[in-house]
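The structure appears right after this line, and notes come after that.
Side-chain atoms are counted along with the backbone in the values below, which use heavy atoms only and exclude waters and symmetry mates.
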Amino acid sequence: MDIDEQPQQQTVLKSMEEKLRSKMQIDFLEFIDTSGNCGSSYSVTIVSPDFNKKMTLARHKLVNQILSEEIAQLHAFSQKTLTPEQWVKEKK
């Protein structure tokens, strides 16, 4: 990774986190760099009560709309979207 790329990738990551936190109620948020630390691919886990009564497709569409500018800059983006109740069950 070029030295110049690292700050840009951190900016994208920070922007994604700030946008999600400003537009949704977030109980848990975790980004994992799945690109081997070059910052071009991320997997995100989002736990939010905003996902209640929404099917997976609607949840992903909501996240994709919020992060459309940032996702366009990435090679890959995967997401796991859970309600707080689903998160509790999954952690058991």
Please round to the nearest 0.5 Å and tell me the distance separating atom CE of Met16 and atom CZ of Phe31. 4.5 Å
Heavy atoms, side chains only, cut-off 4.5 Å: are Leu62 and Lys23 in contact? no
Pairs flagged by ring-ring contact (aromatic ring centres under 6.0 Å, His included) wherever residues 56-82 is involved - sequence neighbours left out: none
Taking every heavy atom of Asp33 against every heavy atom of Ser41, the minimum-distance pair comes out as OD1-O, 3.3 Å
Please report the closest heavy-atom contact between Lys54 and Arg59, naming both atoms and the distance. O-NE, 3.0 Å
The criterion is salt bridge (charged side-chain N to carboxylate O under 4.0 Å, His left out); which residues satisfy it with Lys19, sequence neighbours excluded? Glu69, Glu70
Main-chain N/O of Ser40 paired to Ser35 side chain as donor or acceptor, under 3.5 Å: yes
Taking the side chain from Ser22 and the backbone from Glu18, do they hold a donor-acceptor pair closer than 3.5 Å? yes
Hits for salt bridge (charged side-chain N to carboxylate O under 4.0 Å, His left out) against Glu85, two or more places apart or cross-chain, chain-then-number order -> none
Could you give the side-chain donor-acceptor pairs of residues 45-53 under 3.5 Å, partners two or more places apart or in another chain?
{"residue": "Ser48", "atom": "OG", "partner": "Gln25", "partner atom": "O", "Å": "2.5"}
{"residue": "Ser48", "atom": "OG", "partner": "Asp50", "partner atom": "N", "Å": "3.0"}
{"residue": "Asp50", "atom": "OD2", "partner": "Gln25", "partner atom": "N", "Å": "2.9"}
{"residue": "Asn52", "atom": "ND2", "partner": "Pro49", "partner atom": "O", "Å": "3.2"}

Cluster question for you: counting only ILVMFWY and a side-chain heavy-atom cut-off of under 4.5 Å, with indirect links fine, are Val63 and Ile26 together? yes
Considering only Ile, Leu, Val, Met, Phe, Trp and Tyr, and joining two whenever side-chain heavy atoms are under 4.5 Å apart, list the other residues clustered with Val88. none
Validation row: Leu67, Tyr42 side chains within 4.5 angstrom (heavy atoms): no
Stepwise side chain to side chain contact (heavy atoms under 4.5 Å, CB included) test for Asn64 and Gln79: CA-CA 9 Å; Asn64 289 345; Gln79 55 184 294; 2.9 Å; yes
Check whether any side-chain heavy atom of Thr11 sits under 4.5 Å from a side-chain heavy atom of Gln73, and report yes or no. no
What's the separation between atom OG in Ser78 and atom CD1 in Ile32, rounded to the nearest 0.5 Å? 8.5 Å
Does the side chain to side chain contact (heavy atoms under 4.5 Å, CB included) test come out yes or no for Glu90 and Lys80, once each step is laid out? CA-CA 12 Å; Glu90 186 169 296; Lys80 185 173 198 176; 2.8 Å; yes
Ring pair (Phe, Tyr, Trp, His ring centres under 6.0 Å) partners of Phe28, counting only residues at least two apart: Trp87
Any non-hydrogen side-chain atom of Glu30 less than 4.5 Å from a side-chain atom of Val44? no
